[in-house]
> 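Quick one: this structure, given as structure tokens, is what I'll be asking you about.
All ligand and atom numbering here is 1-based and tracks the order in the structure. The structure displayed is predicted, hence computed values, not measured ones. Numbers for residues simply follow the sequence, beginning at 1.
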Amino acid sequence: MIALLLFLLLGTLLFWFIKHQYSYWNRRSFPCDPDTNIPYGCLTSVVKHEKSMGVALYDAYVKAKSPFIGIYLLFRPAVMIRDAELAHQILIQDFTSFHDRGLYLDEKRDRMSCNLFSLRGQRWRTLRQKLTPTFSSSKLKAMFHTSDDIGDKMVEHLNKILPDEGRAEVDIKDILVTYAIDIIGSVIFGLDINSFEEPKNKFRCLVRQARRNNLLMLIFLCPSVAKYLVRLGFKNKTAIGLREILKDTIEYREKHNIVRKDMLQLMMQLMNTGKIAEDDDNWSTKANTTTGEENEFTLDDIAAQGFIFYIAGQDSTSSAAAFTIFELAQNPDLLARAQNEVQEVLARHNGQLSYDALQEMPFLDLCLQETMRKYPFPFLSRECTRDYTIPGTQHVIEKGTPIVIPLLGIHRDPHYFTNPMIYDPDRFSPSNANYNPNAYMPFGAGPRHCIALRMGKINSKLGLVKILQNFDVEVMGKREIIIDNHSAGIQPKGGVKVRLSKRAKPCH
Ligand code: HEM
């Protein structure tokens with residue numbers, strides 16, 4: 001009897017709590033969705049596995065009309081910004097009121113959570129300043145040959161699996177994921193891997209777990225729940241495994257005085273000297289080059305950054321290249337322009353693909369720009385870090401409120417981009433530019449925009465060039481990518497299937 005009463009009491013309290021939470025926006029007379037679904041808010045279709053999170057947020061964007069609306073992410077009231085100018089105001093001019101993402105972070109007990117993506121306030125700012133030189137063009141240029149080698153291994157692999165004559169269907173996304181993962185394994189973790197030849201290598205198996213990790217979703221939606229789960233013993237096994245790999249590699253390099261021009265080397269330099277050298281020829285990690293700056297960057301910090309670089313880098317880079325191939329294959333005129341450009345530039349460079357040659361392919365840049373418009377990471381997130389009155393209104397966003405900027409909605413809104421579902425790289429050509437530049441944010445905007453923008457662009461372009469240079473591409477018919485329901489980003493359901501054949505005269 002007592003148990004039953006207790007159960008009823010708890011049930012009533014829970015019901016009251018949920019009702020109260022879900023009246024948050026109405027109590028503040030804040031514009032919000034009149035048909036809010038209790039108890040999952042605009043993520044009901046995600047919980048039911050009917051839509052991906054990106055598409056659920058896109059639906060909320062399309063349904064609403066006002067420049068901003070109050071939404072519910074499960075139980076959390078959040079604000080969705082629908083207006084590109086207001087989004088810019090928040091991300092750039094008013095950054096001081098929105099400098100964090102509000103994701104899971106436990107600096108005291110979980111050092112591996114202290115990555116650049118999740119860190120807050122001054123800790124984030126300091127680390128961002130320290131890591132920025134790692135991604136400079138000169139440093140990336142020095143690392144180019146590693147990505148180039150991996151691109152060649154991808155071509156070798158495709159040459160092995162394709163018939164000499166005729167064509168075969170290939171999941172180009174899967175191929176490019178392997179390419180992007182090997183680049184990260186190599187330049188960030190310092191490994192000598194070839195996942196095309198050895199798909200079951202230690203690094204690949206370890207990171208495969210991370211792609212299935214539901215903790216990532218919790219980190220965004222319920223950071224406090226993620227924190228308690230970690231305190232209760234739930235472990236991020238991938239990050240721990242990656243730390244072990246890094247520890248072994250660092251010890252090996254230090255013991256044998258090995259200097260490799262990669263990001264791990266630069267992070268070791270930061271760990272040992274407190275700074276990444278501005279001199280592009282200085283890759284030394286010897287502590288006697290110390291700058292006298294306080295050195296707080298440890299092995300755990302290298303591992304935390306390595307983990308987030310993997311998460312942030314592999315899918316974005318491979319998607320940009322794979323969706324470009326897919327769209328070009330559907331548009332033979334554009335494909336021919338892209339292939340001609342590759343051919344011409346390589347002819348000028350004696351068939352040698354180099355960092356500089358890659359900079360001379362403006363049409364491919366337009367194609368990648370257009371791909372990242374049509375297939376962006378679907379949303380940007382921030383947390384309001386002090387009470388904020390939305391300019392020109394009386395509405396106040398309270399400190400602690402999550403902010404969602406639905407990029408997929410904005411990038412596919414005809415108000416900002418005419419005929420948004422048409423793949424038209426020329427919309428970005430300087431002579432043509434008929435779009436609202438504030439609405440275009442594939443790498444985010446403001447001080448927290450993607451730190452590896454250049455690296456992402458170079459590696460996706462390089463992957464693209466390798467395919468166009470060596471293979472002809474076709475699709476079976478006009479179609480749109482179907483987005484898988486089980487992801488936060490834009491994961492193509494069933495991969496990105498195209499038909500490839502070896503080019504009669506590869507241009508080298
Ligand atoms: C085409 C490839 C890429 C795209 C489209 C992309 C996109 C993005 C976007 C949209 C954000 C959020 C920005 C914001 O909130 O304003 C971001 C942040 C970030 N990205 Fe990328 N990214 C790419 C490649 C990479 C790579 C290769 C790495 C690492 C090696 C990386 C590391 C990061 C990190 C660490 C952040 C957080 C920055 C901070 O908070 O200071 N990204 N990226």
> Any heavy atom of Phe117 sitting closer than 4.0 Å to ligand 1?
yes
> Minimum heavy-atom separation for Lys173 to Ser318, with atom names?
CE-OG, 3.4 Å
> Students should be able to answer this: which protein heavy-atom is nearest to atom 28 (C) of ligand 1, and at what distance?
Ala452 CB, 3.3 Å
> Any chance the rings of Phe379 and Phe377 have centres within less than 6.0 Å?
yes
> Could you tell me, atom by atom, which parts of ligand 1 come under 4.0 Å of a heavy atom of Gly444?
10 (C), 13 (C), 14 (C), 16 (O)
> Would you say Met441 touches ligand 1, if touching means a heavy atom closer than 4.0 Å?
no
> Compute the shortest N/O to N/O distance between Thr317 and ligand 1 and return yes if it is under 3.5 Å, no if not.
no
> To which protein heavy atom is atom 6 (C) of ligand 1 closest, and what is the distance rounded to 0.1 Å?
Phe443 CD2, 3.6 Å
> Quick check: closest heavy atoms across Asn459 and Thr317, and the distance to 0.1 Å?
CB-CG2, 3.8 Å
> For the pair Asn331 (side chain) and Glu327 (backbone), establish whether a donor and an acceptor sit closer than 3.5 Å, ignoring hydrogens and angles.
yes
> Below 4.0 Å from ligand 1: does a non-hydrogen atom of Tyr310 turn up there or not?
no
> Residue-level breakdown please: for Leu116 versus ligand 1, do any non-hydrogen atoms fall below 4.0 Å on the side chain, on the backbone, on both, or on neither?
both
> Donor-acceptor pair, Ser118 side chain versus Cys114 backbone, under 3.5 Å?
no
> Report the nearest protein non-hydrogen atom to atom 33 (C) of ligand 1: residue, atom name, distance rounded to 0.1 Å.
Ala312 CB, 3.7 Å
> Any idea which protein heavy atom is nearest atom 42 (N) of ligand 1, and the distance to it?
Cys450 SG, 3.1 Å
> Ignoring angles and geometry beyond distance, decide whether Ser381 reaches within less than 3.5 Å of ligand 1 through its nitrogen or oxygen atoms.
no
> Relative to the ring of Phe203, is the ring of Phe189 parallel (under 30°), tilted (30 to 60°) or perpendicular (over 60°)?
tilted
> Can you confirm, on distance only, whether ligand 1 has an N/O atom lying under 3.5 Å from any N/O atom belonging to Arg382?
yes
> So, Gln89 and Asp94: side-chain donor and acceptor under 3.5 Å apart, yes or no?
yes
> Please write down residue, atom name and distance for the protein heavy atom closest to atom 34 (C) of ligand 1.
Ile451 CG2, 4.0 Å
> Check if Arg101 has a non-hydrogen atom at a distance under 4.0 Å from any atom of ligand 1.
yes
> Where does Ala445 meet ligand 1, judged by heavy-atom distances below 4.0 Å: at the side chain, the backbone, both, or neither?
backbone
> Please tell me whether Tyr423 and Tyr375 form a close aromatic pair, meaning their ring centres lie under 6.0 Å apart.
no
> Tell me the nearest of Ala180, Ser316, Pro442 to atom 2 (C) of ligand 1, using heavy-atom distances.
Ser316
> Please state which protein non-hydrogen atom is closest to atom 38 (C) of ligand 1 and give its distance, to 0.1 Å?
Arg128 NH1, 3.5 Å
> Hey, is the main chain of Thr285 close enough, under 3.5 Å, to the side chain of Asn272 for a donor-acceptor pair?
yes
> Using every non-hydrogen atom in the two residues, find where Ala60 and Cys42 come nearest and quote the distance to one decimal.
CB-CB, 4.3 Å
> Can you sort out which atoms of ligand 1 are near Gly313, meaning under 4.0 Å from one of its heavy atoms?
25 (C), 26 (C), 27 (C), 28 (C)
> Could you tell me how the ring of Phe428 sits relative to the ring of Tyr440: parallel (under 30°), tilted (30 to 60°) or perpendicular (over 60°)?
tilted
